[in-house]
Amino acid sequence: MKSPARWALFALLLLSPALAQSLVSLAPTGAMAGFYLGDLSNSPYLQGIASDWRQSGLEAWLSRNLEKELGQDSNLLGIAQGGAFAAVYPDGGFFFIAKPSARTMQAIRAEVKKAKVENGWLVERSAGMVNGVSRDLVFMATPRQANLFLGNKRGLRAPVGGDLFFWGEPPRNLDAEYGLPPRLGLTLAAIRRVSVGLKLTAGGYTTETRLELDRNADPAFSNLVLPREKPWELGEFPAGYSGGVGVLDLASSGRYLSSLLSDFDVKLNFDLQAFGTRYALVTVPGPRSSGVGNLEAPMGHQLIYLEVKDGATAEANFLAAVQNLAAFATPEGQGGFKVAGQEGGFKVLEVGLLGNLYYRLNGDKLVVATSKAALAAASGKLWKDRPEYQRFRVTVPQNAVSYSFGDQKGPGLESLATLRGSIPQTIGAEDKETKELTDRLVKFLERVYNRLGNSISYSVIEGSTLVSRGFSEVRWK
């Protein structure tokens with residue numbers, strides 16, 4: 001019973017409602033990373049999912065088993081019910097503040113034994129930790145950050161917003177401090193900040209991701225991440241569960257990877273000069289009869305399109321790469337790379353234990369199908385023939401360097417058969433409690449997946465920042 005309950009605790013912490021932006025401003029300034037979880041306990045958008053949680057029986061199962069596992073400590077699970085914020089500082093310190101549920105606050109107050117009043121807070125201090133309790137908030141921090149907080153030296157401002165967000169800045173001089181190879185050190189120095197935010201809306205949720213770079217620190221890496229070209233039109237490619245187009249200079253990527261690996265004494269020459277800069281990726285539905293997930297197609301059900309400048313050279317480079325992949329993925333004496341004729345206008349490659357790959361040259365494109373389902377989809381209907389794609393396509397700006405569109409519901413429901421079999425293996429138990437947990441979790445996820453609709457996302461370049469924005473449909477009620 002112990003293992004399922006610990007997994008259930010992890011799930012509960014992820015799914016439990018939880019902070020408001022005002023909590024961020026209570027933290028001391030100077031944080032290099034932060035994580036914020038908004039107060040969603042009374043969100044009108046989540047009432048339907050909360051109902052799914054209860055009706056699936058997962059809430060009752062978790063409550064019963066976690067109380068057995070944790071005893072009175074289970075009262076602490078509501079520590080972030082009203083919201084929480086955690087920050088990390090360059091000196092290694094941290095600061096955490098949260099608004100717990102009434103039950104959790106009562107349990108925390110009962111544990112306060114040797115507290116002193118400091119600036120309106122009941123504070124307990126130890127050698128490396130400071131804990132504090134007010135009327136409805138709690139904090140934990142390293143001594144320096146606690147002293148700044150209790151001294152009213154606060155006012156942190158997050159560089160990103162939303163109901164849930166994260167940001168992080170790599171520490172400066174990592175290469176010198178840890179003796180990193182030069183190429184890797186340049187790349188890390190080029191990354192100024194990464195931030196991700198999510199906000200609930202009436203029709204679903206929006207996301208925004210920002211990758212801020214210093215172009216001068218590593219021009220080669222920056223040019224890969226911040227391309228200038230335009231991608232292909234996704235509407236001209238076969239439709240499936242999801243699809244995306246983008247720009248990546250494969251020739252420059254090959255040189256960059258070769259240089260990076262050489263710092264680790266790995267001598268590989270990625271000669272991709274025959275390839276262009278544009279790509280497309282389409283994920284298609286797999287067969288649903290067997291319920292064995294990707295066992296029938298270890299590489300999934302994908303259509304991959306790569307722009308080529310020299311077809312013959314690109315094909316030779318591709319075959320060499322697949323041959324290396326087959327040798328790496330197949331035990332000695334159990335078969336490996338083999339050219340096995342043609343099917344549907346594609347050449348067939350046997351790739352050992354990874355199954356078959358199918359490929360062909362089509363004008364300025366190398367087309368690769370990773371399964372029979374993908375092979376069949378290559379001649380199917382196009383994205384532009386789908387009204388739902390056309391409805392979302394108009395939201396993509398003209399200066400986008402990549403964008404994608406997809407169905408969230410279909411892949412989610414398809415994954416449940418695999419999930420049902422993988423949970424007992426992951427937990428390492430197949431007893432009655434594990435079966436009950438699996439059944440209830442699958443039932444809950446099935447309800448949630450049926451609420452999902454389509455999603456669209458795109459990336460644009462704003463100065464030296466790659467900005468990705470997206471919207472995903474959710475039927476909240």
Side-chain angles (χ1 to χ4, degrees), residues 32 159-160 167-176 178 180-196 207-234 237 243-281 304-311 313-314 317-318 320-321 364-366 368 396-404 457-470:
M32 59 183 289
V160 61
W167 84 88
E169 303 170 8
R172 299 296 95 181
N173 301 319
L174 270 178
D175 52 342
Y178 293 100
L180 299 178
R183 174 73 267 174
L184 181 59
L186 287 175
T187 298
L188 291 176
I191 301 175
R192 286 178 168 171
R193 180 189 294 143
V194 179
S195 58
V196 181
T207 58
E208 179 170 305
T209 301
R210 304 180 70 90
L211 176 59
E212 302 174 35
L213 300 179
D214 178 356
R215 289 180 182 265
N216 296 325
D218 188 346
F221 174 73
S222 299
N223 289 337
L224 289 177
V225 176
L226 306 173
R228 297 181 176 87
E229 297 87 349
K230 284 190 173 184
W232 284 319
E233 168 56 52
L234 179 59
F237 290 88
V245 291
V247 178
L248 178 63
D249 188 334
L250 291 178
S252 297
S253 298
R255 291 191 296 270
Y256 173 81
L257 288 174
S258 298
S259 174
L260 185 65
L261 292 174
S262 68
D263 282 349
F264 295 93
D265 294 323
V266 178
K267 305 300 181 182
L268 287 178
N269 182 24
F270 293 98
D271 184 3
L272 303 177
Q273 296 297 321
F275 290 90
T277 60
R278 294 183 291 182
Y279 69 87
L281 177 66
I304 304 166
Y305 297 81
L306 301 175
E307 186 178 37
V308 297
K309 295 185 292 186
D310 180 340
T313 304
N317 291 342
F318 170 72
D364 65 344
K365 300 178 182 67
L366 173 67
V368 181
V396 178
Q398 290 293 320
N399 61 335
V401 294
S402 68
Y403 63 94
S404 62
S457 63
Y458 63 86
S459 297
V460 294
I461 308 300
E462 297 182 358
S464 295
T465 301
L466 179 68
V467 183
S468 301
R469 300 185 176 96

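For this chain, numbers begin at 1 and follow the sequence in order. Since we're looking at a predicted model, the values are computed, not measured.
Checking side-chain atoms of Y305 against main-chain N and O of V245 turns up no donor-acceptor pair under 3.5 Å. Side chain of D249 to backbone of P227: no donor-acceptor contact under 3.5 angstrom is found. Side chain of E307 to main chain of T277: a donor-acceptor pair is present (N/O by atom type, distance under 3.5 Å, no hydrogens or angles). Side chain of D218 to backbone of A190: no donor-acceptor contact under 3.5 angstrom is found.
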Test side-chain contact (heavy atoms from CB on, under 4.5 Å) applied to L366 and F275, step by step: CA-CA 9 Å; L366 173 67; F275 290 90; 4.0 Å; yes
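Across all their heavy atoms, R192 and D214 have their closest contact at NE-CB, 3.6 Å. Scanning both residues, D263 and P181, for their nearest heavy atoms gives CB-CB, 3.3 Å.
In the model, R255 has a side-chain atom that pairs as donor or acceptor with a side-chain atom of S252 under 3.5 Å.
With S468 as the fixed residue, the side-chain contact (heavy atoms from CB on, under 4.5 Å) test singles out one of V196, V460, L211, T209: T209.
Relative orientation of the F237 and W232 rings is tilted, given thresholds of 30° and 60° on the angle between their planes.
Every residue two or more places apart in sequence or in another chain was checked for a side-chain hydrogen bond (donor to acceptor under 3.5 Å, both in side chains) with S259, and none qualifies.
E169 places none of its side-chain heavy atoms less than 4.5 Å from the side chain of E212. Annotation: side chain of L226 is in contact with side chain of R215 (closest heavy-atom distance under 4.5 Å).
Between atom CZ of residue F221 and atom CD1 of residue I191 there is a gap of 4.5 Å, rounded to the nearest 0.5 Å. Atom CG of residue L184 and atom CG of residue L261 lie 10.5 Å apart, to the nearest 0.5 angstrom.
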